[in-house]
Amino acid sequence: MSSSPEPVILLLIPHDLQTYALAVGDILLSRFGLRHVLIRSTQTPADRLLLLHKNQPSLFVVLGPSTSSTSILETESTAPIITLTSANDVATTALAIAKCCSLASTTLREIVEQVTLENRQARLVQDAQLRTSSPFYANAMATCYDQQLQITGDSLQSTMRGKVRDRFELPDQQLLALVTTDRQSGFDRMLAKVPFKGAVLNLTSAFWFEQTASIIPNHLVAVPHPYISVCRKCKPFPIEFVVRSYMTGSTSTSIWSNYQKGVRSYCGHELADGMVKNQKLPTNLLTPTTKEEEHDRPISMKDIVDEQWMTPDDLEVCAEAALKVFALGQQIAAEHGLILVDTKYEFGRDEETGEILLIDEVHTPDSSRYWLASTYQQKVALGQEPDNIDKEFLRLWFRDNCDPYNDEVLPEAPRDLVLELARRYITLYEMITWKDFPLLELLGGESSLKEAMDSLLRQS
């Protein structure tokens, strides 16, 4: 572990804790690299135990109640002795032992710090999952679904209707209203109406617009309703600013898909040979894509200028902002038990002032990839996919139960799947923002939305 001798750990146990002690030893080896773990009985005579490993640093660990032998050890042994209860789970016991050993090893101390952080991150995930599985949340989601209170935007006359978001002109010519609905799209179809999904996306973006306003101004003016954002009108740049921190992705434009095909110069970045899926990149990479009629394509910063998609000055502003916003997003996500893996940003020019603004959505569950930080290292070490709060299962259900591209009429998505998807969206919102999701404000359905929009139009 370091230049000092590796500690010898003596686990002293009653006979009925042998299985428990073996499991502790396995974790000490696999997670902390502590190989010299011996198991002895608490009934072994103390003088026999005192003869062991006289010339090496040792730690006696008593699991379970003390005995006459362990009492003598506490008096006569020069090695430290700790007593731990077997009521702890094996991982907690192993961590307590590793903490003691880390006092003499910088390398082990770093591992202990990482495991302690991962444990905290795991508790954050567990708390969020329990919270959104509670009856209060379940009843609100069920009420919304059963009474068809999802927001579709059908009660409003939009200027432009998108797959998920609708645009509305306002009397103030410099402003517009965006309504993010509960429509769930996939395969270029509407698959379901997911309770509260639109509010999750809208409020998540509002959170990040506030957090990042000191880095670059944004188009958000107000959020008069959880589903509505009032924004400044901008002319979007025809480039999506994708920022990636990991070698992953499944779409044709993703870094991993291109890397698998042998691409080693990606969006102007040189990639080393021998990289594996889901590993962390040496640095965060800006990997822009064009927004074109036929299909998007990855493009380098140089080609953006050469092909006259943007001017060098505008590109520099957007590129610098994208990397800074992403870095802040990663920092906050890590504090909340998440890894912000990759995301996309859009920028536009304010039609009135000419200022470049961050627009569209920021770090939402739909525009970004999040992994659970607590298990990332273990999963990657095993060659497995990192854990995430998956939202793809509804799409997979349609793929398995129909031909979603060609069937004229799609089957109705099962109620329990739609409600589980709603719960996962809310879980992500609360983990990302550390804010309580405003469930009780959202059971007014379309009438509540229409009232808010009418009020907005009157105010304008």
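Counting begins at 1 with the first residue of the sequence.
- Around the CD atom of Q384, the shell of radius 6.0 Å holds more than 12 heavy atoms that belong to other residues, nucleotides or ligands.
- Heavy atoms from other residues, nucleotides or ligands lying under 6.0 Å from CD of Q157 number 12 at most.
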> Can E352 and R232 be said to form a salt bridge (Lys or Arg N to Asp or Glu O under 4.0 Å), step by step?
Replying inline: CA-CA 9 Å; E352 181 180 21; R232 298 195 62 81; 2.6 Å; yes
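- Remark: side-chain polar atoms of N139 are paired, donor with acceptor, to backbone N or O of P135 under 3.5 angstrom.
- A salt bridge does not link D296 with K291: none of the charged nitrogens is closer than 4.0 Å to a carboxylate oxygen.
- Closest approach of S257 and G249 over heavy atoms only: OG-O, 3.9 Å.
- The OG1 atom of T132 sits 8.0 Å away from atom CD1 of I389, with the distance rounded to the nearest 0.5 Å.
- Counted within 6.0 Å of NZ on K235, heavy atoms from surrounding residues, nucleotides or ligands total 12 or fewer; the atom is thus considered open.
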>> Could you walk me through whether D454 and K450 satisfy the salt bridge (Lys or Arg N to Asp or Glu O under 4.0 Å) test, starting with their C-alpha distance in whole Å, then the side-chain angles of each, then the deciding distance to 0.1 Å, before giving a yes or no?
In response: CA-CA 6 Å; D454 289 345; K450 189 175 188 307; 3.1 Å; yes
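- With salt bridges taken as basic N to acidic carboxylate O contacts below 4.0 Å, none links K197 and D182.
- K99 places no side-chain N or O within donor-acceptor distance of the main-chain N or O of V112, the cut-off being under 3.5 Å.
- The list of side chain to side chain donor-acceptor pair (under 3.5 Å) pairs with a residue in residues 203-215, not counting sequence neighbours, is empty.
- For the pair T159 (side chain) and E169 (backbone), a donor-acceptor distance under 3.5 Å is present.
- To the nearest 0.5 Å, atom CD of residue E320 and atom CD1 of residue I215 are 10.0 Å apart.
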> Step by step, would you call D360 with R165 a salt bridge (Lys or Arg N to Asp or Glu O under 4.0 Å)?
Replying inline: CA-CA 10 Å; D360 196 51; R165 185 184 294 166; 2.9 Å; yes
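- Ring to ring, F347 and F237 are not that close: their centroids are 6.0 angstrom or more apart.
- In terms of modelled atom types and a separation under 3.5 Å, the side chain of S447 and the main chain of G444 share a donor-acceptor contact.
- Not a single donor-acceptor pair under 3.5 Å links the side chain of T287 to the backbone N or O of V243.
- With ring centers used as reference points, H363 lies 6.0 Å or more from F209.
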>> Could you go through K277 and T248, starting from their C-alpha distance and side-chain angles, then the distance that decides it, and tell me whether this counts as side chain to side chain donor-acceptor pair (under 3.5 Å)?
In response: CA-CA 6 Å; K277 189 180 184 187; T248 195; 5.0 Å; no
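- For the pair I239/I304, a side-chain contact is recorded, criterion being any heavy-atom separation below 4.5 Å from C-beta on.
- Remark: the backbone N or O of D154 is paired with a side-chain donor or acceptor of T152 at under 3.5 angstrom.
- When atom types are taken as modelled, the side chain of E346 and the backbone of E240 share no donor-acceptor pair closer than 3.5 angstrom.
- In this structure, S265 contributes its side chain and G268 its backbone to no donor-acceptor pair below 3.5 Å.
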>> Using side chain to side chain donor-acceptor pair (under 3.5 Å), reason through D387 and T375 one step at a time and then give a plain yes or no.
In response: CA-CA 7 Å; D387 288 329; T375 56; 2.7 Å; yes
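- Sorted by first and then second residue, the ring-ring contact (aromatic ring centres under 6.0 Å, His included) pairs involving residues 370-392 (not counting sequence neighbours) are Y246-W371, Y246-Y376, W371-Y376.
- The neighbour count for Q18 CD, taken as heavy atoms of other residues, nucleotides or ligands under 6.0 Å away, does not exceed 12.
- Of the inter-residue distances, the one linking I27 atom CD1 with T93 atom OG1 reads 8.5 Å to the nearest 0.5 angstrom.
- In this pair, W256 and Y259 present their aromatic rings parallel. The plane angle is below 30°, not in the 30 to 60° band.
- Remark: of the listed residues R423, R424, K435, R131, R131 is the sole one forming a salt bridge (Lys or Arg N to Asp or Glu O under 4.0 Å) with E430.
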> Hey, mind stepping through N119 and T116 against side chain to side chain contact (heavy atoms under 4.5 Å, CB included) and telling me if it holds?
Replying inline: CA-CA 5 Å; N119 288 345; T116 303; 5.5 Å; no
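- Under a cut-off of 6.0 angstrom, the local environment of CD in Q174 is crowded, with over 12 non-hydrogen atoms contributed by other residues, nucleotides or ligands.
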